[in-house]
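Presented below is the structure to which this report refers.
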Amino acid sequence: MENETVSLEAIVNNNLNGRDLEEFNRIYYGRTDNHEVKLKESSIAAAKEADFELAAYAFPAKKEQTRPPRIVKVGVIQHSIAAPTDRPVNEQKKAIFEKVKKIIDVAGQEGVNIICFQELWNMPFAFCTREKQPWCEFAESAEDGPTTRFLSELAAKYAMVFVSSILERDENHSDILWNTAVIISDTGSVIGKHRKNHIPRVGDFNESNYYMEGNTGHPVFATRYGKIAVNICFGRHHVLNWMMFGQNGAEIVFNPSATIAAEAGSEYMWNIEARNAAITNCYYTAAINRVGYEEFPNEFTSADGKPAHKDLGLFYGSSYFTGPDGVRCPGLSRTRDGLLIAVMDLNKNRQIKDRRCYYMTQRLDMYVHSLSKVLELDYKPQVVHENEK
Ligand SMILES: NC(=O)NCCC(=O)O
């Protein structure tokens with residue numbers, strides 16, 4: 001990945017300085033100060049040794065008279081796969097566990113309370129191949145599969161909540177597969193799970209060959225550290241999906257993703273969507289994407305007349321956090337594994353709700369009425385023509 005652009009931030013920082021850089025950050029990202037948080041020397045050394053990026057930023061809120069601050073440390077981890085995709089399934093999984101454990105340990109020593117990984121973090125994103133074997137064998141039980149067991153131990157050790165996106169095998173319902181986020185509590189037990197609501201049918205994202213649209217609605221999980229929800233990857237293009245997590249009281253919504261620069265994943269939209277969701281729903285968002293190229297043993301086509309190929313393209317990382325006011329922190333790079341930490345004051349959500357009144361002005365009643373009409377078979381779009389008086 002030597003010739004890849006490192007990040008948009010790097011381009012800006014290398015080419016702007018002084019007032020121009022300040023004005024760019026103020027106008028584009030909404031920030032006058034990055035609120036960089038100092039990290040332990042031992043964490044910085046461990047990150048260097050294990051070759052991953054490490055950065056932390058605060059999202060402070062105003063001091064209130066009647067509520068103490070509600071500070072929570074949230075981490076997101078982006079990473080590439082750790083073994084070639086032609087190695088045995090369990091070997092590939094184990095190699096990812098070993099790599100990611102080093103990152104979790106640093107998060108533990110930094111006192112991180114909640115961690116979210118990228119989409120299907122424990123496997124290559126193999127659905128582009130349309131092959132069932134061996135990729136379906138990565139599926140496991142959400143409740144007591146090897147990935148949940150691996151994380152449960154670390155959750156209890158560090159009193160950490162995990163949001164773990166996996167390929168789920170539902171043994172109680174005829175062995176079918178789901179794209180599922182498992183929420184593991186700070187005690188190590190499974191609080192619950194959420195299944196991906198919107199399954200892509202675009203480019204090489206052939207996920208609909210493997211699993212169906214989720215059946216878990218829009219759950220919000222009340223953890224020890226705050227109310228969290230998960231909008232899995234493609235759901236970030238669906239504003240109502242984001243909206244429902246807000247209606248159910250989410251304070252932080254994670255968007256674990258696996259997306260590439262090409263049209264299907266649309267890198268130019270990446271920096272907008274989770275940020276816009278934070279603004280319109282007055283909650284924190286965290287967008288997490290995987291990193292690197294994943295080459296598969298057999299060629300596949302994109303059904304576009306172009307030559308067959310063995311990889312999807314670059315997963316461009318660029319994970320980032322946004323506060324409920326729409327201000328975002330610098331993101332991780334496009335090219336390296338990383339741990340990004342946000343020190344959030346959750347009081348900020350209500351402060352922004354009180355100030356901007358988006359919930360008060362949202363007119364749900366009007367939309368329920370309009371949408372119920374849209375669903376009618378004989379619906380006619382409300383278009384007014386010049387000669388219709
Ligand atoms: N994993 C996934 O849903 N990717 C779809 C491409 C996109 O990010 O829009």
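Small disclaimer: the values here were computed from a predicted structure and weren't measured. Counting starts at 1 for both ligands and their atoms, in listed order.
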**OP:** Let me know which protein residues bring a heavy atom to under 4.0 Å of ligand 1; chain then number is fine for ordering.
**Re:** E119, F125, K196, P200, F205, E207, C233, F234, R236, H237, A258, T259, A264, G265
**OP:** Look at K373 together with E376 and state whether they make a salt bridge at an N to O cut-off of under 4.0 Å.
**Re:** no
Original post:
Do R67 and E64 meet the salt-bridge criterion of a basic N to acidic O distance under 4.0 Å?
Top reply: yes
**OP:** Please find out if less than 6.0 Å separates the ring center of Y284 from that of F59.
**Re:** yes
Original post:
How about F245 and H218: are their ring centres within less than 6.0 Å of each other?
Top reply: yes
Subject >> S257 versus E119, side-chain donor and acceptor atoms under 3.5 Å >> reply: no
Original post:
Hey, which of V163, V100, I288 is the one that makes side chain to side chain contact (heavy atoms under 4.5 Å, CB included) with F117?
Top reply: V100
